[in-house]
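To start, the structure itself, in structure tokens.
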Amino acid sequence: MASPSPAILPVSNSKTGGADEPQPPVATPAFRSFINHITGTIRSGLSERRAWSELVDRTAFSKPESISDATTRIRKNYAYFRINYFTVVAAVIGISLLTNPFSLLTLLGLLAAWLFLYLFRPTEPPLVILGRTFSERETLGLLIVLSIIVVFLTSVGSILISALLVGTGIVCAHGAFRAPEDLFLDDQDPSGSTGFLSLLGGAASTAAASAAPVIAPTRG
């Protein structure tokens, strides 16, 4: 007597969509490229800073003879120590934010909102918050309003402005009392007078160009 054949169970595919169904583009490569360019440019800029021993050389400090002399000293010292000065201002801002954790978290949250809700987020699927669908233009408007609220209606704006003023005051005081006669200013590149900020601007534009092939299809 032949044994009964085993029952064949139906096999279901756990995937809901077909293999050829288009998937929304992911902006992760663009974000990674942006971060790599920014960190690489910052590292390159910091490598051009002057020795801190020159910055704090006590034998080079003297009282300026006049306001005009102080202005000239500030200009010459900035041309030579611009990367160091930028680092000092950034350190003052960083310390101010670290001593105010709420403002630091608020600022990081705002930065994350710009990065992941607008700059590196594909337009499809659209942004949905509390059942409300927002277009790209509406998302941009919301982020601008949110930035204004965070900067001008919270403690973040006052902390940033205060830290920037303190850092600028330190830089101006150092530049006015530090005699630049021992500095080799002849080899300074006039085109690089904007300093570290120009490096950041160049990194941002380069990162945006490299990220364009990924972001452009999502903005159509």
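As the structure is a computational prediction, the values presented were derived from the model and not from experiment.
- One finds the CG atom of Leu97 at 10.0 Å from the CG atom of Leu105 (value rounded to the nearest 0.5 Å).
- Every residue two or more places apart in sequence or in another chain that forms a salt bridge (charged side-chain N to carboxylate O under 4.0 Å, His left out) with Glu138 is listed here: Arg132.
- At a threshold of 4.5 Å between side-chain heavy atoms, the hydrophobic network of Ile, Leu, Val, Met, Phe, Trp and Tyr places Phe61 and Val88 in two separate groups.
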Let me have the donor-acceptor pairs involving side chains of residues 148-173, under 3.5 Å, with sequence neighbours excluded, atom names and distances please.
{"from": "Thr154", "atom 1": "OG1", "to": "Val150", "atom 2": "O", "distance (Å)": "2.2"}
{"from": "Thr154", "atom 1": "OG1", "to": "Val156", "atom 2": "N", "distance (Å)": "3.4"}
{"from": "Ser155", "atom 1": "OG", "to": "Ser103", "atom 2": "OG", "distance (Å)": "2.9"}
{"from": "Ser158", "atom 1": "OG", "to": "Ser155", "atom 2": "O", "distance (Å)": "2.9"}
{"from": "Ser162", "atom 1": "OG", "to": "Ser158", "atom 2": "O", "distance (Å)": "2.7"}
{"from": "Thr168", "atom 1": "OG1", "to": "Leu164", "atom 2": "O", "distance (Å)": "2.7"}

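- Counting heavy atoms from C-beta on, the side chains of Thr87 and Phe81 never come closer than 4.5 Å.
- Hydrophobic clustering of Ile, Leu, Val, Met, Phe, Trp and Tyr side chains at less than 4.5 Å, counting indirect connections, unites Leu143 with Leu111.
- In the hydrophobic clustering of ILVMFWY residues, with side-chain heavy atoms under 4.5 Å counting as a link, Val92 and Leu98 come out together.
- Residues near Ile95 contribute nothing to a hydrophobic cluster around it, because no ILVMFWY side-chain heavy atom sits closer than 4.5 Å to its side chain.
- Separation of atoms CD1 (Ile67) and CD1 (Ile74) is listed at 10.5 Å; rounding is to 0.5 Å.
- When hydrophobic clusters are built by joining Ile, Leu, Val, Met, Phe, Trp and Tyr residues whose side-chain heavy atoms come closer than 4.5 Å, directly or via intermediates, Leu146 is grouped together with Leu108.
- Every residue meeting the side-chain hydrogen bond (donor to acceptor under 3.5 Å, both in side chains) condition with Trp114, not counting sequence neighbours, appears here in chain and number order: Ser147.
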May I have the step-by-step check of side-chain contact (heavy atoms from CB on, under 4.5 Å) for Arg50 and Leu55, ending in yes or no? CA-CA 8 Å; Arg50 305 298 179 177; Leu55 193 76; over 6 Å; no
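- Following chains of ILVMFWY side-chain contacts shorter than 4.5 Å, one can reach Tyr85 starting from Tyr80, so the two form part of one hydrophobic cluster.
- At distances below 3.5 Å, at least one donor-acceptor pair connects side-chain atoms of Asn77 with backbone N or O atoms of Arg178.
- Between atom NZ of residue Lys76 and atom OG1 of residue Thr71 there is a gap of 12.0 Å, rounded to the nearest 0.5 Å.
- Looking at heavy atoms from C-beta onward, Phe177 lies in side-chain contact with Pro64 at the 4.5 angstrom threshold.
- For the salt bridge (charged side-chain N to carboxylate O under 4.0 Å, His left out) condition, the pairs that include at least one residue of residues 62-73, sequence neighbours left out, are Asp69-Arg73.
- Applying the salt bridge (charged side-chain N to carboxylate O under 4.0 Å, His left out) rule to Asp57 yields no partners; only residues at least two apart in sequence or on another chain are considered.
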One pair to check against side-chain contact (heavy atoms from CB on, under 4.5 Å): Arg137 and Leu140. What are the steps and the verdict? CA-CA 5 Å; Arg137 182 173 299 179; Leu140 177 61; 5.7 Å; no
